[in-house]
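The block underneath contains the structure these notes are about, expressed in structure tokens.
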Amino acid sequence: MKTKLRWFTVLITVIMVLAVSCEGPEGPEGPEGPIGPKGDKGDIGATGNANVKYTEWIAFAPADNWINYRPDFVYFKHYNDPVFKFSAQTVKDIFDGKYVTLCYIRNTDYRYTWNLPAFLASYDFSEFGDARKMVNYATYANGTNFYIEINITSTDGANVKGAQGKWQYRLIFIGVNGGPMKSTSKTETLQQELEQLSYEEVCKRYNIEQ
């Protein structure tokens, strides 16, 4: 009995020694595996002027379509239908104050562009009369319609008149995300800020084709 027990003890010891000797020291780290394939490119983001709308250059109304409200004040109106054809949502957004509206005029015989309101000296552009005059605009929007009024007011009491000639105007709408007109300064609203810029500066700032 003692002989069998001795041999069993020896057998267990041999098995344990063999098990330890089979593990051996840890080998060196293997080489890094190949880099996986590059993922698909993401979608292109919205352009910098995604929240900007603008019209083409539009001719003034012919002289017969101006309204002589007073000898020193004349105007014409262009309506959404048939001139602009803004969508109902765009008209609503304008009505809700989601855009700053800018209006510019030019005469195609000259390189200069005026930001309205603009002041013209006596006898300059006499197609509108010989008075010193101011050219200005007003816009109106409700749930279904939009129109703009371009008007000329004498600043010296002399008469003015409506004319078309080579005059054009353009509207630019800058989105303000539906809130109050945001400002990039502490004292000016966005409207006031943009009115201080030239037409070319506004176009460059918002990536608008001139």
Side-chain angles (χ1 to χ4, degrees), residues 52-80 83-84 86 94-95 97 99-141 146-176 180-210:
V52 175
K53 298 180 184 296
Y54 49 89
T55 68
E56 299 298 327
W57 285 100
I58 301 170
F60 277 24
D64 290 346
N65 295 114
W66 290 69
I67 297 174
N68 287 82
Y69 186 75
R70 296 190 309 267
D72 62 345
F73 181 81
V74 297
Y75 68 91
F76 73 85
K77 292 181 180 180
H78 275 167
Y79 291 85
N80 193 43
V83 178
F84 305 107
F86 294 149
I94 295 171
F95 175 77
Y99 291 97
V100 164
T101 304
L102 302 170
C103 185
Y104 301 91
I105 63 171
R106 70 180 183 185
N107 185 302
T108 55
D109 282 341
Y110 299 85
R111 298 175 63 90
Y112 189 75
T113 301
W114 288 267
N115 180 10
L116 297 188
F119 293 87
L120 306 178
S122 296
Y123 301 101
D124 282 353
F125 307 109
S126 58
E127 62 265 38
F128 298 116
D130 295 333
R132 293 194 303 270
K133 43 201 168 281
M134 177 182 71
V135 185
N136 207 351
Y137 77 104
T139 59
Y140 173 82
F146 170 85
Y147 71 76
I148 182 174
E149 173 190 301
I150 302 288
N151 57 64
I152 297 177
T153 307
S154 170
T155 60
D156 62 7
N159 293 349
V160 292
K161 58 185 178 180
Q164 183 179 50
K166 296 183 178 180
W167 288 91
Q168 301 173 327
Y169 71 93
R170 189 182 203 188
L171 295 173
I172 295 178
F173 301 91
I174 310 297
V176 291
M181 291 181 183
K182 298 179 181 179
S183 175
T184 58
S185 71
K186 294 181 179 179
T187 58
E188 295 178 318
T189 66
L190 180 60
Q191 180 87 37
Q192 292 169 330
E193 181 181 328
L194 295 179
E195 286 175 349
Q196 302 306 310
L197 302 179
S198 69
Y199 168 72
E200 291 77 14
E201 288 171 329
V202 170
C203 289
K204 181 177 180 180
R205 178 168 172 172
Y206 292 103
N207 194 27
I208 297 170
E209 183 178 353
Q210 297 185 40

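Side chains included, hydrogens not; waters and symmetry mates left out as well; all remaining heavy atoms used. All values derive from a computational prediction rather than experimental measurement.
Side chains of Asn68 and Tyr75 form no contact here, defined as non-hydrogen atoms less than 4.5 Å apart. Under the 4.5 Å side-chain criterion, counting only non-hydrogen atoms from C-beta, Tyr54 is not in contact with Tyr206. Using a 4.5 Å heavy-atom threshold, the side chains of Arg132 and Phe119 count as separate. Contact check for Ile148 versus Cys103: side-chain heavy atoms found under the 4.5 Å cut-off. In this structure the side chain of Thr108 never reaches within 4.5 angstrom of the side chain of Trp57, judged on heavy atoms. For the pair Ile105 and Val135, the minimum side-chain heavy-atom distance is below 4.5 Å. Contact of the Phe60 side chain with the Tyr169 side chain is registered, since non-hydrogen atoms from C-beta on lie closer than 4.5 Å. Residues Thr153 and Asn136 form no side-chain contact, since every pair of their non-hydrogen atoms from C-beta on lies 4.5 Å or further apart.
Here the two rings, on Tyr104 and Tyr112, have centers that are 6.0 Å apart or farther.
One distance of note links CG of Leu102 with CD1 of Ile172; it measures 6.5 Å at 0.5 Å rounding. With rounding to the nearest 0.5 Å, the separation of OG1 in Thr139 from NZ in Lys77 is 11.5 Å. Atom CD of Glu201 sits about 9.5 Å away from atom CZ of Arg205, to the nearest 0.5 Å. Taken from CD1 in Ile150 to CD in Gln168, the straight-line distance is 12.0 Å, to the nearest 0.5 Å. Put simply, CD1 on Ile58 and NE2 on His78 are 7.5 Å apart, with the number rounded to the nearest 0.5 Å. With values rounded to the nearest 0.5 angstrom, Lys133 atom NZ is found 15.0 Å from Phe73 atom CZ.
By the 6.0 Å contact criterion, CD on Gln210 is enclosed, its count of non-hydrogen atoms from other residues, nucleotides or ligands being greater than 12.
A cation-pi contact, defined as under 6.0 Å to the ring centre and within 45° of the axis, is absent between Arg106 and Trp114.
For the 3.5 Å distance criterion, the side chains of Arg170 and Tyr199 qualify, holding a donor opposite an acceptor. Under 3.5 Å, the side chains of Ser126 and Asp124 contain no donor-acceptor pair of N or O atoms. Looking at Gln191 and Glu195, their side chains do bring a donor and an acceptor atom within 3.5 Å of each other.
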side-chain contact (heavy atoms from CB on, under 4.5 Å) between Asn107 and Trp167, worked out: CA-CA 5 Å; Asn107 185 302; Trp167 288 91; 3.2 Å; yes

Begin with the C-alpha distance, continue with both residues' side-chain angles, and end with the deciding distance and a verdict on side-chain contact (heavy atoms from CB on, under 4.5 Å) for Arg70 and Asn159. CA-CA 9 Å; Arg70 296 190 309 267; Asn159 293 349; over 6 Å; no

Working note: Ile94 + Phe173, criterion side-chain contact (heavy atoms from CB on, under 4.5 Å); need CA distance, chi angles, decisive distance, verdict. CA-CA 9 Å; Ile94 295 171; Phe173 301 91; 3.7 Å; yes

Kindly determine whether Val100 and Leu194 satisfy side-chain contact (heavy atoms from CB on, under 4.5 Å), including the steps that lead there. CA-CA 9 Å; Val100 164; Leu194 295 179; 4.3 Å; yes

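Residue Gln164 comes nearest to Ala61 through the heavy atom pair CB-O, 3.4 Å, listed as atom of the first residue, atom of the second, then distance. Smallest separation of non-hydrogen atoms from Leu197 and Asn115: O-ND2, 4.0 Å. Across Gly162 and Ala63, no two heavy atoms sit closer than the pair O-CB, 3.5 Å.
Remark: side-chain polar atoms of Gln192 are paired, donor with acceptor, to backbone N or O of Thr189 under 3.5 angstrom.
When the side-chain hydrogen bond (donor to acceptor under 3.5 Å, both in side chains) test is applied to Trp66, no partner is found at least two apart in sequence or on another chain. Scored by the side-chain hydrogen bond (donor to acceptor under 3.5 Å, both in side chains) test, Asp109 finds Lys166 as partners (sequence neighbours excluded). For Phe84, the ring pair (Phe, Tyr, Trp, His ring centres under 6.0 Å) partners are Phe86, Phe146, not counting sequence neighbours.
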